[in-house]
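Please read these numbers as outputs of a predicted model, since none were measured by experiment.
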Amino acid sequence: MQKNKKQKISLPKKEGVFGWMSYIGCPFTVFGLMVILNILKSHAHGSSGLEFLILMGLALTIPVMLKSKYHISLSSKTILSLLFIVATIIFELFIYAPEDSGGLSQGVHCLCELSATSKNRLWFIGWFCFFSFLWYLRYFYKKAKDGYRYVWLKVILFFLVLSILFLFILISTN
(Lines give C-alpha, C1' and ligand atoms only; values in the text may rest on other atoms or scores of the structure.)
Protein backbone atom coordinates (compact mmCIF):
# COMPACT_ATOMS: atom_id res chain seq x y z
CA MET A 1 0.00 0.00 0.00
CA GLN A 2 1.14 3.41 -0.89
CA LYS A 3 1.08 6.09 1.76
CA ASN A 4 -0.99 9.09 0.89
CA LYS A 5 0.49 12.47 1.49
CA LYS A 6 -0.90 14.07 4.56
CA GLN A 7 -3.45 16.62 3.59
CA LYS A 8 -3.30 19.92 5.32
CA ILE A 9 -6.53 20.88 6.90
CA SER A 10 -7.07 24.57 6.43
CA LEU A 11 -8.11 25.86 9.80
CA PRO A 12 -9.50 29.36 10.07
CA LYS A 13 -6.80 31.88 10.89
CA LYS A 14 -6.93 33.50 14.26
CA GLU A 15 -6.83 37.24 14.59
CA GLY A 16 -4.51 38.95 16.98
CA VAL A 17 -4.84 42.20 18.85
CA PHE A 18 -4.10 44.29 15.76
CA GLY A 19 -6.76 42.43 13.78
CA TRP A 20 -9.42 43.33 16.31
CA MET A 21 -8.08 46.88 16.57
CA SER A 22 -8.71 47.25 12.84
CA TYR A 23 -12.41 46.47 13.27
CA ILE A 24 -12.69 49.20 15.90
CA GLY A 25 -10.36 51.70 14.17
CA CYS A 26 -12.19 51.73 10.85
CA PRO A 27 -15.49 53.08 12.23
CA PHE A 28 -13.59 55.64 14.31
CA THR A 29 -11.85 57.00 11.20
CA VAL A 30 -15.13 57.18 9.30
CA PHE A 31 -16.84 58.92 12.23
CA GLY A 32 -13.85 61.26 12.46
CA LEU A 33 -14.25 62.15 8.80
CA MET A 34 -17.96 62.79 9.35
CA VAL A 35 -17.13 65.02 12.34
CA ILE A 36 -14.75 67.08 10.18
CA LEU A 37 -17.38 67.41 7.46
CA ASN A 38 -19.94 68.45 10.11
CA ILE A 39 -17.54 71.08 11.48
CA LEU A 40 -17.07 72.49 7.99
CA LYS A 41 -20.79 72.45 7.22
CA SER A 42 -22.16 73.91 10.43
CA HIS A 43 -19.47 76.48 11.21
CA ALA A 44 -18.94 74.71 14.54
CA HIS A 45 -15.58 74.26 16.14
CA GLY A 46 -16.39 70.78 17.39
CA SER A 47 -16.85 69.51 20.89
CA SER A 48 -14.38 67.59 22.97
CA GLY A 49 -16.49 64.43 22.63
CA LEU A 50 -16.43 64.58 18.86
CA GLU A 51 -12.74 65.39 18.75
CA PHE A 52 -12.23 62.31 20.90
CA LEU A 53 -13.53 60.22 17.98
CA ILE A 54 -10.83 61.61 15.71
CA LEU A 55 -8.08 60.98 18.26
CA MET A 56 -9.30 57.43 18.90
CA GLY A 57 -9.37 56.73 15.18
CA LEU A 58 -5.80 57.97 14.80
CA ALA A 59 -4.61 56.07 17.87
CA LEU A 60 -6.11 52.81 16.60
CA THR A 61 -5.25 53.21 12.93
CA ILE A 62 -1.57 54.14 13.02
CA PRO A 63 -0.37 51.01 14.91
CA VAL A 64 -2.49 48.74 12.71
CA MET A 65 -1.02 50.34 9.57
CA LEU A 66 2.53 50.01 10.85
CA LYS A 67 2.18 46.39 11.99
CA SER A 68 0.11 45.20 9.01
CA LYS A 69 1.47 42.49 6.77
CA TYR A 70 -0.43 44.01 3.84
CA HIS A 71 1.87 46.89 2.99
CA ILE A 72 1.25 49.48 0.30
CA SER A 73 3.57 49.43 -2.69
CA LEU A 74 5.94 52.29 -3.45
CA SER A 75 4.01 53.23 -6.61
CA SER A 76 0.76 53.51 -4.64
CA LYS A 77 2.47 55.68 -2.04
CA THR A 78 3.82 57.91 -4.82
CA ILE A 79 0.41 58.28 -6.44
CA LEU A 80 -1.22 59.07 -3.09
CA SER A 81 1.47 61.63 -2.29
CA LEU A 82 0.97 63.35 -5.64
CA LEU A 83 -2.80 63.38 -5.16
CA PHE A 84 -2.35 64.88 -1.71
CA ILE A 85 -0.03 67.61 -3.04
CA VAL A 86 -2.37 68.52 -5.93
CA ALA A 87 -5.45 68.49 -3.67
CA THR A 88 -3.65 70.64 -1.11
CA ILE A 89 -2.68 73.20 -3.75
CA ILE A 90 -6.25 73.35 -5.03
CA PHE A 91 -7.54 73.60 -1.46
CA GLU A 92 -5.19 76.48 -0.65
CA LEU A 93 -6.12 78.32 -3.86
CA PHE A 94 -9.84 78.12 -3.10
CA ILE A 95 -9.46 79.02 0.57
CA TYR A 96 -7.41 82.14 0.00
CA ALA A 97 -9.28 83.23 -3.12
CA PRO A 98 -11.11 86.54 -2.79
CA GLU A 99 -14.75 86.08 -1.85
CA ASP A 100 -15.97 88.20 -4.73
CA SER A 101 -14.59 85.70 -7.25
CA GLY A 102 -17.99 84.00 -7.27
CA GLY A 103 -18.75 80.32 -7.31
CA LEU A 104 -17.28 79.62 -3.87
CA SER A 105 -19.26 76.95 -2.11
CA GLN A 106 -20.70 77.16 1.38
CA GLY A 107 -17.94 74.92 2.74
CA VAL A 108 -15.28 77.26 1.42
CA HIS A 109 -17.01 80.28 2.98
CA CYS A 110 -17.12 78.39 6.27
CA LEU A 111 -13.43 77.56 5.98
CA CYS A 112 -12.62 81.22 5.42
CA GLU A 113 -13.88 81.95 8.93
CA LEU A 114 -11.45 79.52 10.57
CA SER A 115 -7.86 80.35 11.42
CA ALA A 116 -5.03 79.18 9.17
CA THR A 117 -3.83 76.52 11.61
CA SER A 118 -7.36 75.17 12.06
CA LYS A 119 -7.80 74.94 8.29
CA ASN A 120 -4.55 73.12 7.83
CA ARG A 121 -5.19 70.78 10.74
CA LEU A 122 -8.71 69.95 9.52
CA TRP A 123 -7.41 69.40 5.99
CA PHE A 124 -4.62 67.07 7.08
CA ILE A 125 -6.75 65.06 9.51
CA GLY A 126 -9.59 64.83 6.98
CA TRP A 127 -7.21 63.61 4.29
CA PHE A 128 -5.69 61.08 6.70
CA CYS A 129 -9.16 59.80 7.70
CA PHE A 130 -10.13 59.43 4.03
CA PHE A 131 -6.83 57.65 3.24
CA SER A 132 -7.30 55.42 6.31
CA PHE A 133 -10.78 54.43 5.21
CA LEU A 134 -9.51 53.45 1.76
CA TRP A 135 -6.60 51.59 3.37
CA TYR A 136 -9.00 49.73 5.65
CA LEU A 137 -11.09 48.64 2.67
CA ARG A 138 -7.97 47.20 1.02
CA TYR A 139 -6.84 45.67 4.32
CA PHE A 140 -10.16 43.91 4.90
CA TYR A 141 -10.25 42.70 1.29
CA LYS A 142 -6.74 41.22 1.59
CA LYS A 143 -7.64 39.71 4.94
CA ALA A 144 -10.75 38.03 3.54
CA LYS A 145 -8.75 36.66 0.58
CA ASP A 146 -6.10 35.37 2.99
CA GLY A 147 -8.50 33.03 4.75
CA TYR A 148 -9.77 34.94 7.73
CA ARG A 149 -13.41 34.17 8.44
CA TYR A 150 -16.36 36.54 8.49
CA VAL A 151 -14.25 39.66 7.91
CA TRP A 152 -16.96 41.73 6.20
CA LEU A 153 -19.59 40.60 8.70
CA LYS A 154 -17.36 41.78 11.57
CA VAL A 155 -16.80 45.12 9.82
CA ILE A 156 -20.54 45.68 9.38
CA LEU A 157 -21.32 44.61 12.94
CA PHE A 158 -18.69 46.90 14.44
CA PHE A 159 -19.99 49.80 12.32
CA LEU A 160 -23.56 49.17 13.47
CA VAL A 161 -22.74 48.65 17.15
CA LEU A 162 -20.45 51.68 17.37
CA SER A 163 -22.93 53.83 15.41
CA ILE A 164 -25.73 52.97 17.82
CA LEU A 165 -23.43 53.56 20.79
CA PHE A 166 -22.29 56.97 19.53
CA LEU A 167 -25.84 57.97 18.63
CA PHE A 168 -26.97 57.02 22.13
CA ILE A 169 -24.11 59.04 23.67
CA LEU A 170 -24.87 62.08 21.50
CA ILE A 171 -28.58 61.96 22.32
CA SER A 172 -27.94 61.55 26.05
CA THR A 173 -25.49 64.49 26.16
CA ASN A 174 -27.92 66.89 24.44
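- The distance from atom CD1 of I79 to atom CG of L74, rounded to the nearest 0.5 Å, is 10.0 Å.
- Expressed to the nearest 0.5 Å, how far CG of L66 lies from OG of S68 amounts to 9.5 Å.
- Among all heavy-atom pairs drawn from I24 and L162, the shortest one is O-CD1, 4.1 Å.
- Taking both residues in full, the closest heavy atoms of C129 and G32 are given as SG-C, 4.3 Å, listed atom of the first, atom of the second, then distance.
- Classification of the Y139-W135 ring pair by plane angle, with boundaries at 30° and 60°, yields parallel.
- Residue pairs satisfying the salt bridge (Lys or Arg N to Asp or Glu O under 4.0 Å) criterion with at least one member in residues 15-37, sequence neighbours excluded, are listed as follows: E15-K143, E15-K154.
- A continuous path of ILVMFWY side-chain contacts below 4.5 Å connects L33 to L134, so both sit in one hydrophobic cluster.
- Transitive grouping of hydrophobic side chains (ILVMFWY, heavy atoms separated by less than 4.5 Å) keeps M56 and L160 in distinct clusters.
- From S132, atom OG reaches atom CG of L137 across 11.0 Å, with rounding to the nearest 0.5 Å.
- Here Y23 contributes atom OH and L153 contributes atom CG; the two are 9.5 Å apart, rounded to the nearest 0.5 Å.
- The two atoms that bring I62 and F128 nearest to each other are CG1-CZ, 3.9 Å, heavy atoms only.
- No more than 12 heavy atoms of other residues, nucleotides or ligands sit less than 6.0 Å from atom NZ of K145.
- The minimum heavy-atom distance linking T61 with G25 is given by the pair OG1-O, 4.0 Å.
- Between the CZ atom in F31 and the OG atom in S163 there is a gap of 3.0 Å [rounded to 0.5 Å].
- The hydrophobic cluster containing V151 does not contain L157, counting ILVMFWY residues as joined when their side-chain heavy atoms lie under 4.5 angstrom apart, directly or transitively.
- The six-membered or imidazole ring of F140 lies away from that of Y70, with a centre-to-centre distance of 6.0 Å or more.
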Check your understanding: For F28 and F158, what are the C-alpha separation, side-chain angles and deciding distance, and is it a ring pair (Phe, Tyr, Trp, His ring centres under 6.0 Å)?
Key -> CA-CA 10 Å; F28 273 110; F158 272 93; over 10 Å; no

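- Atom CG of L58 and atom OG1 of T29 lie 9.0 Å apart (nearest 0.5 Å).
- Enclosure of atom CZ in F130 is not indicated, since only 12 or fewer non-hydrogen atoms of other residues, nucleotides or ligands lie within 6.0 angstrom.
- Looking only at side-chain heavy atoms (C-beta outward), Y136 and V30 stay at 4.5 Å or farther from each other.
- Note on W20: it clusters hydrophobically with L165, by side-chain heavy-atom contacts below 4.5 Å among ILVMFWY residues.
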